[in-house]
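Treat the numbers as computed from the prediction; the structure is a model and nothing was measured. So that the names make sense, note that chain A is the first sequence line, chain B the second, and so on, each numbered from 1.
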Amino acid sequence: MDMKWFDEMEARIPKGGVRTRFAPSPTGYMHVGNLRTALYTWLIARRSGGAFLLRIEDTDQERLVEDAAGIIYSTLRKCGLDWDEGPDIGGPVGPYIQTQRRDLYGKYAQLLMEKGHAYRCFCGKARLEALHGEDGLGGYDGHCRDLPQAEIEEKLAAGVPYVIRQRIPRSGQTTFSDAVFGDITVDNATLDDQVLIKSDGLPTYNFANVIDDHLMGITHVVRGSEYLSSSPKYNLLYQAFGWQVPTYIHCSPVMRDQHNKMSKRHGDPSYEDLLAKGFLSEAVVNYVALLGWSPRGEYAEREFFTLRELSEIFDTGGISKSPAIFDLEKLKYFNANYLRALSPADFFAGARPYLEQAIQNPAVDLSLVAPLVQPRCDTWMDIAPQVDFFNALPAYSNELYCHKKMKTNEENSRQALEQVLPVLEALPQWSYDSLHEALLGLAQQLGLKNGRILWPVRTALSGKAVTPGGAVELCHILGREESLRRIRQGIAQLG
RNA sequence: GGCCCGGUGGUCAAGCGGCUAAGACACCGCCCUUUCACGGCGGUAACACGGGUUCGAUUCCCGUCCGGGUCACCA
């Protein structure tokens, strides 16, 4: 075997710093668990000034989705997770798309066979099925582990299809370390001689992963805890090649409830879905970071972090071992806070499409509505239902005028409106301040609590029990003509 | 079923032999207030269970129970 080629491959591997990778399958959308994995992976690289790379694992042709890679790129960009090497920008250890690395794996499998750590298995699918029985459980029995050389030659000559399996020691133990779970030791006897190269010549995921991670110089592997059981086999592979084992960071899944992972099947939202539901990317990222990780030390009490802050304090020691249930309520809390923290201009810019959709009345100045709604939204979607009355006064019941605490009823509400009407009609200037002065002045003048006047006015203007802003704000925004019209209508309706 | 991992309030979680067991969301109450929100204050609520080890266990060990993962020529 020509070792020169292998040496050249080794020579390409960057040495020294931390290198992490996010290696998604292009299935067309980014679920929350994936996003969290990407985030942690990115944070580990940035925390240590290392490199973060992107590798597309597209070996499963059946699951390929049109432009799925594009969705991955755009999601990562929107989240602020920039990569240093990847399919689109290249890098020293490319290609970064697995199907373009196809011919690599066979060579390494060959090398492994020569070292005695792998062997050809000619057992057909039929034999394996019989072996596994009805429950489908149980590993490979090692039937082809020690086939005589002559028999192997014979089968090869006859063109019998084969796979290449990893030769795992029958005795002894293997220990691997995980940054989250610590040291885990298993008996080698419980490990299966897993397939490395399939009969079609393509590598299995487990094999391709080890090869690619090594050849790309990956130092920290972040992945789901479902790979915990196969990690000993990975270690054995690294050992067989004489390669350095990366640091493992296994993360428990993000769950939708006690029993199920988040999944598209169950209708759980993906990152894109959350944005479409009116969430801010920053809020999602902040929340997701805390789902399965918590800061220690001086930051232990904090919950709100920018990406940059996270990249300065993230430590794998804070990653939780147990699964976390995704809580939309808490995400809303984060989002509400992010919305409130926006500058008025930024909020208006973001809210504008939602306001325009809800309010077609050109007389209404949307920039005046935005600040009213800013402290009252969990997501952008909360805007429309709050402001629809600016568009047109809804039909409402006179019972809305009755409020125990305000001490209002239909009778005194009508009186209040009748007293308000001439005051507003005579108002020379229709500004917030003048309205405020006029309305509260009237209450004072009549010796009434503010609410006795303001509650009926707010009700007449909106026809709703709950509105963003009170009587003064609504008058101001609706304008003189429309405000007076609605108050007159209120009087008529109460009469 | 074998093997691996996990188990603090409804949820996220701090804790890493000694604490009245943090904090946040949600929920409830009060205050503020021109409604609702925001804000402020307060409240309900947890160490799965049983054995050890120890002067002392949420914390260490064992067992039970419960949950998750894995046992593919899928990733």
With a 3.5 Å limit on both atom pairs, tell me what [N] is paired to, counting Watson-Crick and G-U wobble, or say none.
| N | answer |
| --- | --- |
| B:C3 | B:G69 |
| B:G23 | B:C12 |
| B:U53 | none |
| B:C38 | none |
| B:A46 | none |

Take atom [atom1] of [X] and atom [atom2] of [N], then tell me their distance rounded to the nearest Å.
| X | N | atom1 | atom2 | result |
| --- | --- | --- | --- | --- |
| A:Lys464 | B:A37 | NZ | C1' | 14 Å |
| A:Arg452 | B:U35 | CZ | C1' | 16 Å |
| A:Asn286 | B:C12 | CG | C1' | 13 Å |
| A:Ile325 | B:G10 | CD1 | C1' | 9 Å |
| A:Leu461 | B:C36 | CG | P | 17 Å |
| A:Tyr162 | B:C73 | OH | P | 17 Å |
| A:Tyr234 | B:U70 | OH | P | 12 Å |
| A:Lys332 | B:C12 | NZ | C1' | 17 Å |

Between the side chains of [X] and [Y], does any donor sit under 3.5 Å from an acceptor?
| X | Y | result |
| --- | --- | --- |
| A:Thr174 | A:Asn188 | yes |
| A:Ser231 | A:His250 | yes |
| A:Tyr401 | A:Tyr396 | yes |
| A:Thr408 | A:Arg452 | no |
| A:Gln98 | A:Asp58 | no |

Problem set entry | Distance test, side-chain N/O of A:Ser294 to OP1/OP2 of B:A14, below 4.0 Å | yes
Exercise. Is the shortest side-chain N/O distance from A:Lys198 to OP1 or OP2 of B:A75 below 4.0 Å?
Worked result: yes
Exercise. Can the positive tip of A:Lys155 be found less than 6.0 Å from the middle of the six-membered ring of A:Tyr162, inside 45° of the ring normal?
Worked result: no
Tell me what [X] touches on the nucleic acid: a base, only sugar-phosphate, or nothing, going by heavy atoms under 4.0 Å.
| X | value |
| --- | --- |
| A:Thr467 | base |
| A:Val195 | sugar-phosphate |
| A:Arg340 | sugar-phosphate |
| A:Cys123 | base |
| A:Tyr227 | base |
| A:Ser199 | base |

For this session: Could you measure between the two C1' atoms, the one in B:C71 and the one in B:C19, and give it in whole Å?
Result: 44 Å
Problem set entry | Summary of protein contacts for nucleotides 25-34 of chain B, nucleotide by nucleotide, where a base hit scores B, a sugar-phosphate-only hit scores S (4.0 Å, heavy atoms) | S-------BB
Exercise. Taking the six-membered ring for Trp, are A:Tyr287 and A:Phe326 ring centroids under 6.0 Å apart?
Worked result: yes
Exercise. Taking for each residue the nucleotide of RNA chain B bearing the nearest heavy atom, is the 5' side occupied by A:Gly124 or by A:Lys321?
Worked result: A:Lys321
Problem set entry | Toward the 5' end of RNA chain B, by each residue's nearest nucleotide, A:Ile197 or A:Asp183 | A:Asp183
Problem set entry | All pairs passing side-chain hydrogen bond (donor to acceptor under 3.5 Å, both in side chains) where residues 190-199 of chain A contributes a residue, at least two apart | A:Tyr119-A:Asp193, A:Arg145-A:Asp193, A:Gln166-A:Gln194, A:Gln194-A:Asn206
Show each protein N/O and nucleotides 58-67 of chain B N/O combination with a separation under 3.5 Å, one pair to a line.
unit_1: B:G67; atom_1: O3'; unit_2: A:His259; atom_2: ND1; d: 3.3

